[in-house]
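Before any comments, here is the structure.
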Amino acid sequence: MDWNLFWTAFGAIGGTLGAIATTAAVAVALWQTKYANKKKLKVEFSDNIVVVPSQGNLSQKREYIGITATNIGNRRIKVCNWQVRFPDGHGALIVQDISPIGKMLAPAWPVLLEPEEQASQYWEKKLFYAFIKDEAPKYKKRNSRLLWIVKDSTQKEYRIKSPKTIAEYFDEAEAYYHAHP
């Protein structure tokens, strides 16, 4: 057996494995850098928000639906708008409530969110129900869920589906308008 040839082959195999490991380490380091600087936004939707005055008559309570965007990354994100979308892609951009109560509930968007900050927007429930009553009959797939979208300044979409189907919201809207003619 030629020991010189053996150790040369052993060294070549070791060098090759070392080069592969180094290449993998560089690839992982580059991926981690890109991943660590990625924008991350958590979106939460609620269809049952009740605002009650701290003093006075409880009959002055107001009902809203709302969306909250939380920056869970380590970069600032400029949140610009929110919208609702039906399964066929049709939907609506929801604009800021400029009533005195609406202005107190949430600052106007666009808003710049630092890491770990959040911002919310609200839509009065009776207006949401009016929208559903007008739009839902146009869709055959009423067992699908609504898609709620928050867009940032680069038009990147952050999505969440509604907890209820279009049919369930339509039934709630019908009941609401029968109770509040």
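Just so you know, residue 1 is the first one in the sequence shown, and it goes up from there.
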Short side-chain donor-acceptor distance under 3.5 Å, Asp47 and Tyr169:
yes
Could you grab the distance from atom CG of Leu41 to atom NZ of Lys39, nearest 0.5 Å is fine?
9.0 Å
With distance as the sole criterion, is a donor-acceptor pair present between the side chains of Thr68 and Lys42 under 3.5 Å?
no
Surrounding CD of Gln155 (heavy atoms of other residues, nucleotides or ligands, distance under 6.0 Å), is the total greater than 12?
yes
Say whether, by atom type as modelled, one donor and one acceptor occur between the side chain of Gln121 and the main chain of Pro107 under 3.5 angstrom.
yes
Apply side-chain contact (heavy atoms from CB on, under 4.5 Å) to Glu116 and Thr70, showing your working.
CA-CA 7 Å; Glu116 298 184 11; Thr70 306; over 6 Å; no
Can you name the closest pair of heavy atoms from Ala173 and Lys133 and give their distance?
CB-CG, 3.6 Å
Given 3.5 Å as the limit, does a donor-acceptor pair link the side chain of Asn71 with the main chain of Glu117, or not?
no
So how far is it from Ile149 CD1 to Lys161 NZ, rounded to the nearest 0.5 Å?
11.0 Å
Is there a side-chain contact between Val79 and Val150 in this structure, where contact means two heavy atoms from C-beta onward sitting under 4.5 Å apart?
yes
Are Ile49 and Trp123 packed together at the side-chain level, in the sense that at least one heavy-atom pair is separated by less than 4.5 angstrom?
no
How far apart are the closest heavy atoms of Gly73 and Pro115, and which atoms are they?
O-CB, 3.4 Å
Any donor-acceptor pair under 3.5 Å from Tyr177 side chain to Lys126 backbone:
yes
Same cluster or not: Leu127 versus Tyr176, using hydrophobic residues (I, L, V, M, F, W, Y) connected whenever any side-chain heavy atoms lie under 4.5 Å apart?
yes
Separation between CD1 of Ile77 and OG1 of Thr154, rounded to the nearest 0.5 Å:
9.0 Å
Does the side chain of Lys151 come within less than 4.5 Å of Lys156's, by heavy atoms?
no
Lys164 and Glu172, any side-chain heavy atoms less than 4.5 Å apart:
yes
Can you list the steps and then say if Arg85 with Glu157 is a salt bridge (charged side-chain N to carboxylate O under 4.0 Å, His left out)?
CA-CA 12 Å; Arg85 195 173 293 161; Glu157 295 183 350; 3.1 Å; yes
Parallel, tilted or perpendicular, judged at 30° and 60°: which one describes the rings of Phe6 and Phe10?
parallel
Considering residues, nucleotides and ligands other than Lys78, do more than 12 of their heavy atoms fall under 6.0 Å from its NZ?
no
Just verifying a value: how many Å separate Asp97 CG and Tyr64 OH, rounded to the nearest 0.5 Å?
5.5 Å
Heavy-atom closest contact (Thr165 atom, Arg142 atom, distance):
CB-O, 3.7 Å
Would you indicate whether the side-chain heavy atoms of Phe86 and Leu146 approach each other to under 4.5 Å?
yes
Please determine whether the number of non-hydrogen atoms from other residues, nucleotides or ligands lying under 6.0 Å from atom CD1 of Ile98 exceeds 12.
no
Side chain to side chain, Val111 and Cys80, heavy atoms closer than 4.5 Å
no
In terms of side-chain heavy atoms, does Tyr158 have a donor or acceptor partner in Asp152 at a distance below 3.5 Å?
yes
Co-membership, hydrophobic cluster, residues Trp148 and Val43, 4.5 Å side-chain:
yes
Nearest-0.5 Å distance, CZ of residue Phe128 to CD1 of residue Ile65
4.5 Å
With the 4.5 Å side-chain cut-off for hydrophobic clustering, are Phe170 and Phe131 part of the same group?
yes
CD1-CD1 distance between Ile67 and Ile94, expressed to the nearest 0.5 angstrom:
7.5 Å
Does Asp2, at its CG atom, have more than 12 non-hydrogen atoms belonging to other residues, nucleotides or ligands within less than 6.0 Å?
yes
Under 3.5 Å, is there a donor-acceptor pair between the side chain of Glu114 and the main chain of Arg75?
no
Could you tell me whether the side chain of Phe45 reaches within less than 4.5 Å of the side chain of Pro163, counting heavy atoms only?
yes
Does any non-hydrogen side-chain atom of Glu135 lie less than 4.5 Å from one of His90?
yes
Determine whether more than 12 heavy atoms belonging to other residues, nucleotides or ligands lie under 6.0 Å from atom NZ of Lys138.
yes
